[in-house]
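The block underneath contains the structure these notes are about, expressed in structure tokens.
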Amino acid sequence: MKRVVLKQEIVYEVIILEEILSKFEKEIQDSLDSLDLELSDLEYIQEGGYNYLRVYVEKKDGTTSLDDCIELSSKIDGLADNLINEKFYLEVSTPGVERKLKKEKDFIRFSGEKIKLHSKSQIEGKKTFEGKLEKFENDTIFLNDQNIGKTVEIPLSKLKKANLIYELPNDTLEKEEE
């Protein structure tokens, strides 16, 4: 017998998941503080039939090590098990060089960097933007889009996703050829 999932059930499950992640974030704060780590992102997703709780952390000075991730993982594993009733894999890692940007603090911190952004709806006839993040103020992202050659104002409420774009330093390839 096939079970029909109603849209209301899915919305309810998403709300419950958000509450669990919010509670988990609060419960791991002491562990983060003890290791001088900051939470960059937290997500619970399903991929390939498996559930993953992904915790992205970093030190403010950028020196996050594998040992930091391993130590945090061992400290928070039990907390995650107590909150999530289904089988999942816990992954603790750094956000990476092309990290996601989600919160106000992310856009403030990475002002001046090159980013790629997708909006929920069209802004100036486009949904995808790429260029220099000029600033963030009044819940608005100011992005100098390299393709249209001007600054676009994107309200945070219209953000679908955004991430840094990593570029090799100009002389990196030249040094490797020598």
Side-chain angles (χ1 to χ4, degrees), residues 4-26 28-29 32 37-62 64 69 84 88-89 91-173:
V4 177
V5 179
L6 300 174
K7 186 177 181 180
Q8 294 151 332
E9 288 181 51
I10 294 170
V11 170
Y12 176 74
E13 289 175 9
V14 168
I15 291 170
I16 296 296
L17 180 59
E18 287 174 359
E19 289 173 2
I20 289 170
L21 291 179
S22 178
K23 186 174 183 179
F24 180 70
E25 184 174 343
K26 288 175 186 159
I28 67 171
Q29 191 58 53
L32 290 166
L37 293 170
E38 185 175 274
L39 183 66
S40 171
D41 196 10
L42 181 63
E43 63 183 7
Y44 187 82
I45 61 170
Q46 185 177 48
E47 283 182 359
Y50 298 99
N51 297 316
Y52 295 90
L53 174 59
R54 293 190 174 138
V55 180
Y56 299 96
V57 296
E58 64 186 335
K59 289 192 174 180
K60 289 181 183 178
D61 65 4
T64 315
C69 295
I84 301 171
F88 67 94
Y89 293 98
E91 294 180 354
V92 177
S93 69
T94 63
V97 293
E98 292 200 340
R99 66 180 295 145
K100 292 178 187 175
L101 306 175
K102 290 184 171 181
K103 301 175 184 174
E104 177 180 345
K105 70 177 187 164
D106 297 331
F107 292 101
I108 292 170
R109 177 178 173 190
F110 293 104
S111 288
E113 299 293 329
K114 188 173 181 182
I115 70 168
K116 186 170 188 173
L117 184 145
H118 299 273
S119 60
K120 294 176 185 174
S121 59
Q122 287 196 358
I123 299 170
E124 298 200 22
K126 294 177 60 173
K127 283 187 170 184
T128 302
F129 303 89
E130 190 172 308
K132 182 180 174 185
L133 173 59
E134 290 187 343
K135 64 181 176 176
F136 182 89
E137 65 182 34
N138 300 323
D139 287 333
T140 303
I141 302 159
F142 292 81
L143 175 69
N144 187 341
D145 187 280
Q146 65 189 28
N147 296 316
I148 59 176
K150 70 177 196 173
T151 299
V152 181
E153 296 180 20
I154 303 159
L156 193 57
S157 62
K158 288 195 172 192
L159 176 68
K160 183 175 183 179
K161 69 178 185 174
N163 62 280
L164 289 177
I165 296 175
Y166 178 74
E167 295 182 304
L168 287 172
N170 289 336
D171 61 348
T172 301
L173 295 177

Output the distance between atom [atom1] ([X]) and atom [atom2] ([Y]), rounded to the nearest 0.5 Å.
| X | Y | atom1 | atom2 | value |
| --- | --- | --- | --- | --- |
| Lys59 | Ser40 | NZ | OG | 15.5 Å |
| Leu164 | Leu101 | CG | CG | 4.5 Å |
| Lys158 | Glu153 | NZ | CD | 12.0 Å |
| Leu156 | Ile141 | CG | CD1 | 5.0 Å |
| Gln122 | Lys127 | CD | NZ | 6.5 Å |
| Thr128 | Leu117 | OG1 | CG | 8.5 Å |

List the steps, then state whether side chain to side chain contact (heavy atoms under 4.5 Å, CB included) holds for Glu18 with Leu21. CA-CA 5 Å; Glu18 287 174 359; Leu21 291 179; 5.8 Å; no
Close side-chain approach of Phe88 to Tyr52, heavy-atom, < 4.5 Å: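 Not in contact.
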Does any non-hydrogen side-chain atom of Glu130 lie less than 4.5 Å from one of Ile165?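 Sidechains of Glu130 and Ile165: in contact.
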Looking only at heavy atoms, what is the nearest atom pair of [X] and [Y], with distance?
| X | Y | result |
| --- | --- | --- |
| Thr64 | Val57 | CG2-O, 4.1 Å |
| Phe129 | Asp145 | CA-OD2, 3.1 Å |
| Ser121 | Ser119 | O-OG, 2.6 Å |
| Leu133 | Phe107 | CD2-O, 3.3 Å |
| Gly149 | Asn144 | C-OD1, 4.2 Å |

State which residues pass salt bridge (charged side-chain N to carboxylate O under 4.0 Å, His left out) with [X]; sequence neighbours excluded, sorted by chain then number.
| X | value |
| --- | --- |
| Lys160 | none |
| Glu38 | Lys60, Lys105 |
| Asp41 | Lys102 |
| Arg54 | Glu43, Glu47, Glu91 |

Show your reasoning for whether side chain to side chain contact (heavy atoms under 4.5 Å, CB included) applies to Leu53 and Phe24. CA-CA 11 Å; Leu53 174 59; Phe24 180 70; 3.9 Å; yes
Answer yes when Glu124 and Lys126 have at least one side-chain N-carboxylate O distance shorter than 4.0 Å, and no when they do not.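 Looking at Glu124 and Lys126, the cut-off is not met.
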Carboxylate-amine/guanidinium contact Arg109 Glu58, below 4.0 Å: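 Salt bridge present between Arg109 and Glu58.
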Listed partners of Asn138 passing side chain to side chain contact (heavy atoms under 4.5 Å, CB included), at least two apart: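 In terms of side chain to side chain contact (heavy atoms under 4.5 Å, CB included), with neighbours along the sequence ignored, Asn138 is linked to no residue.
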Mind checking what makes ring pair (Phe, Tyr, Trp, His ring centres under 6.0 Å) contact with Tyr50, not counting sequence neighbours?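 Result, ring pair (Phe, Tyr, Trp, His ring centres under 6.0 Å) vs Tyr50: Tyr89.
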Between Thr151 and Glu134, is a side-chain hydrogen bond (donor to acceptor under 3.5 Å, both in side chains) present by the stated rule, with each step listed? CA-CA 8 Å; Thr151 299; Glu134 290 187 343; 3.0 Å; yes
Are Tyr56 and Arg99 close enough, and set up right, to give a side chain to side chain contact (heavy atoms under 4.5 Å, CB included), and what steps lead you there? CA-CA 10 Å; Tyr56 299 96; Arg99 66 180 295 145; over 6 Å; no
Begin from the C-alpha positions of Gln146 and Lys132 and carry the test side-chain hydrogen bond (donor to acceptor under 3.5 Å, both in side chains) through to its verdict. CA-CA 8 Å; Gln146 65 189 28; Lys132 182 180 174 185; over 6 Å; no
